[in-house]
Amino acid sequence: MERMRAVVLAAGMGKRMHSDLPKVLHPVCGQPLLVYVLDALAAAGLARPIIIVGHGAGEVRAVVADRAEFVEQRDQLGTGHAVLQALPLIETSSDPVLVLYGDTPLLEAATITALVELHRASRAAATMLTAELVDPGGYGRVIRRPDGVVTRIVEEADATPEEARVREINAGTYVFDPRALSEGLDALRPANAQGEYYLTDTMGWLLSKGRRVEALMADAEQTMGIKSRRELAAVEAVMRRRILERLMDGGVTVIDPAATYVHATVRVGRDTVIHPQSYLEGTTVVGAGCLLGPQAHVVDTTLADGVRVVASMVAGSEVGEGTTIGPYSRLRPGSRIGRFVEIGNFAEIKHATVGDYTKIHHKSYIGDATIGERVNIGAGTVTCNYDGRQKHHTVIEDGAFIGSDTMLIAPVRVGRGAVTGAGAVVNKDVPPGGVAVGVPARVIRHVSADAPR
Ligand code: UD1
């Protein structure tokens, strides 16, 4: 399929979405609709399609960038008029042309390939994708002769009551012979209830010229398009199920798929178990053997193998092997947590590095900090990182023991193996092995900086 081009229609306003965002940029499972279409095309060997843009053209271009070529359709005069805009880019080719919509994210690469193969094998002038729907309302109906040969597509607005009862619909995905397409588009007239140039009329025209039109029936789910927020939610539910099935097939346990929400872009390692009410989003990568949830909310984060996250939010962070988080903690962007760290309940960590085997168990705030290995952060510890104007850094070296309720007035450094007493307000550096107590804290004695803890 290397030389074949695809034309993606995405110029419509999406009026029924009642949205400022172009319809094709609405996310489904965390990814714009249009990106699924581009991915399916790429997987079918049709990279760099031509996208017909109109409403919100600038925003669509910005998201798609160099994955496509763009053609602007200034006035949206119908699907036929939209494809006409791409003709100058495809007319010279003798390869078939695939036409589809940017709002059908459930269409799979295998179906695109099957449609193209049927088109090539049958030598038809055009081959269309159809589906049988329980409720075909709103779609163009496929009209066949008693012997099954397709005779035309009739839009609902133009259908007779008998035609409207037909349950086979036109999915809006077609493969055309390029000459047949160009001739068919030439012949289009907006003589219909909506006064539009219907791409579907090219089928009737080709048939009237004795050319063949083939049809491939797909399962209804794949042809689901999005015109409203209700349809957006329906497609989201199917996509969510597909993503979870892919994870389960790869060795991930999902306790309750109906209550688990994973973005299309997320990767999860085998033998990880996801408990209900968990949300894995964005660029998140989860290692093997992790335990997530109940209520893990993980965004743009890398979790190494064997990490546990219970009832906590982790965003924009990296978490090392075997570390446990929660319940009820929050890791904000820029947190780099080492291996076998224990982050307990009501801890907030932001823009901080935490070394291996460190414990941050209860009610503490660690922001703009570098914490060493095997440090113990006592309950209620706060890095006072903000003086009202600027953020300042706190350093706590390996093996330090921070007593409960210690306030660390940044910038400040607590040396290796040092100790702070409960309630200490540390506004000066504590040397390695120093024991600092009081308000403000002062060093009262020294211990071995390397004493085991
Ligand atoms: C169209 C088909 C109908 C089919 C249905 C499947 C026609 C005349 N009808 O219906 O048979 O069952 O799709 O969903 O083709 N678009 C443009 N420019 C335009 C008009 C539309 O880019 O001038 C794009 C839209 O953004 C959308 C797609 O084409 O992605 C389909 O347009 P829409 O108006 O939703 O199609 P229908 O007329 O409902």
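Counting starts at 1 for both ligands and their atoms, following the listed order.
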Nitrogen or oxygen of G140 less than 3.5 angstrom from that of ligand 1 | yes
I255 versus V273: any side-chain heavy-atom pair under 4.5 Å?
-> yes
May I ask you to test the P96-R120 pair for a side-chain heavy-atom distance under 4.5 Å?
-> yes
Considering the heavy atoms of N170, write down every atom of ligand 1 situated less than 4.0 Å from one of them.
-> 2 (C), 3 (C), 4 (C), 5 (C), 6 (C), 11 (O), 12 (O)
At a non-hydrogen distance cut-off of under 4.0 Å, which region of L77 contacts ligand 1 (side chain, backbone, both, or neither)?
-> backbone
Region of A11 engaging ligand 1 - heavy atom pairs below 4.0 Å | both
Contacting atoms of ligand 1, where contact means under 4.0 angstrom from a heavy atom of A82 | 17 (C), 18 (N), 22 (O)
Return yes if some donor-acceptor pair links the side-chain N/O of R141 with the main-chain N/O of V166 below 3.5 Å, else return no.
-> yes
What part of K23, side chain, backbone, both or neither, has a heavy atom within less than 4.0 angstrom of ligand 1?
-> neither
Right, does atom 39 (O) of ligand 1 have protein non-hydrogen atoms nearer than 4.0 Å?
-> yes
Report yes if the side chains of V341 and K359 come closer than 4.5 Å at any heavy-atom pair, otherwise no.
-> no
Heavy-atom check, side chain of H26 versus side chain of I226, under 4.5 Å = no
Is the shortest heavy-atom distance from the side chain of C29 to the side chain of Y36 under 4.5 Å?
-> yes
Under-4.0 Å protein heavy-atom contact, atom 12 (O) of ligand 1 = yes
Quick one: does A10 get a heavy atom under 4.0 Å from ligand 1?
-> yes
Could you please spell out the steps behind the side-chain hydrogen bond (donor to acceptor under 3.5 Å, both in side chains) verdict for Q390 and D387?
-> CA-CA 6 Å; Q390 269 181 298; D387 61 10; over 6 Å; no
Applying a 4.0 Å heavy-atom criterion (strictly less than), which segment of Q73 is in contact with ligand 1: side chain, backbone, both, or neither?
-> side chain
May I ask you to identify, for K227, whether its side chain, its backbone, both or neither come under 4.0 Å of ligand 1 on a heavy-atom basis?
-> side chain
For ligand 1, which part of Y139 has a heavy atom less than 4.0 Å away: the side chain, the backbone, both, or neither?
-> both
Between I52 and ligand 1, which part of the residue brings a heavy atom under 4.0 Å of the ligand: side chain, backbone, both or neither?
-> neither
Report yes or no: does a heavy atom of T200 sit under 4.0 Å from some atom of ligand 1?
-> yes
Distance under 6.0 Å and angle within 45° of ring axis: K363 vs F346 = no
